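Read through the structure below, which is laid out as structure tokens, and then see the notes.
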Amino acid sequence: MDIQTRKLKFIQEFLKIQSEELIFRLEKILINNENHFDSFSIEELNTRIDQSLEDSKNDKVIESGDLLSEIKQWQ
């Protein structure tokens with residue numbers, strides 16, 4: 001699935017949310033991430049990417065279905 005399709009799917013799911021608390025949390029994540037990435041150098045970002053790839057190889061990830069289930073519990 002390409003990035004544009006993923007964005008549209010996310011927007012569709014977001015529009016279904018009825019919980020103000022969940023919307024608040026998502027807004028907070030978005031705002032923090034926008035500011036968060038500005039503070040990293042290219043080298044730091046590359047290090048984080050490398051670490052993420054290593055985590056993926058070592059199964060240190062959460063499946064999207066598990067994450068969605070967890071998010072649903074926030075509501």
Side-chain angles (χ1 to χ4, degrees):
M1 183 180 318
D2 69 347
I3 190 74
Q4 293 301 327
T5 303
R6 289 176 61 197
K7 287 179 185 179
L8 289 172
K9 187 169 178 64
F10 179 84
I11 291 167
Q12 289 170 341
E13 292 302 315
F14 180 83
L15 291 173
K16 294 178 189 177
I17 297 172
Q18 298 298 315
S19 167
E20 286 192 44
E21 174 64 23
L22 179 55
I23 290 173
F24 174 77
R25 287 182 184 191
L26 291 170
E27 287 172 332
K28 195 171 175 181
I29 290 168
L30 182 61
I31 290 167
N32 286 339
N33 279 338
E34 284 178 1
N35 297 331
H36 186 70
F37 288 119
D38 289 342
S39 63
F40 292 116
S41 69
I42 296 298
E43 291 80 16
E44 290 170 314
L45 287 173
N46 283 330
T47 299
R48 286 176 172 256
I49 290 169
D50 292 341
Q51 182 62 54
S52 296
L53 292 171
E54 189 67 27
D55 287 345
S56 179
K57 285 182 197 174
N58 294 320
D59 286 329
K60 291 183 175 180
V61 295
I62 185 169
E63 295 292 329
S64 61
D66 294 339
L67 180 59
L68 289 173
S69 294
E70 184 177 326
I71 290 171
K72 285 180 183 178
Q73 293 176 3
W74 296 349
Q75 296 179 353

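Not measured: the values here are computed from a predicted model.
Using a 4.5 Å cut-off between side-chain heavy atoms of Ile, Leu, Val, Met, Phe, Trp and Tyr, with links allowed through other members, L68 and I11 fall into different hydrophobic clusters.
Salt bridge status for E21 with R25: present, with a side-chain N to carboxylate O gap under 4.0 Å.
Between the CG atom in L22 and the CZ atom in F14 there is a gap of 8.0 Å [rounded to 0.5 Å]. The distance from the CG atom of L45 to the CG atom of D50 is 11.0 Å, given to the nearest 0.5 Å. Rounded to the nearest 0.5 angstrom, E20 CD and E27 CD are separated by 9.5 Å. Here the CD1-CD1 distance, from I49 to I42, works out to 8.5 Å after rounding to the nearest 0.5 Å. Remark: I71 CD1 to D66 CG distance equals 11.0 Å, nearest 0.5 Å.
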Does the pair Q4 and L8 meet the rule for a side-chain contact (heavy atoms from CB on, under 4.5 Å), with working shown? CA-CA 6 Å; Q4 293 301 327; L8 289 172; 5.5 Å; no
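E13 contributes no side-chain N or O that, together with a main-chain N or O of F10, makes up a donor-acceptor pair within less than 3.5 Å. Put simply, the side chain of N58 gets close to the backbone of E54: a donor and an acceptor are under 3.5 Å apart. In this structure, the side chain of S56 does not engage the main chain of S52 through any donor-acceptor pair within 3.5 Å.
I23 and I17 make their closest contact through CG1-CG2, 3.7 Å (heavy atoms, listed as atom of the first residue, atom of the second, distance).
Residues satisfying the side-chain contact (heavy atoms from CB on, under 4.5 Å) criterion with T5, sequence neighbours excluded, are M1, D2.
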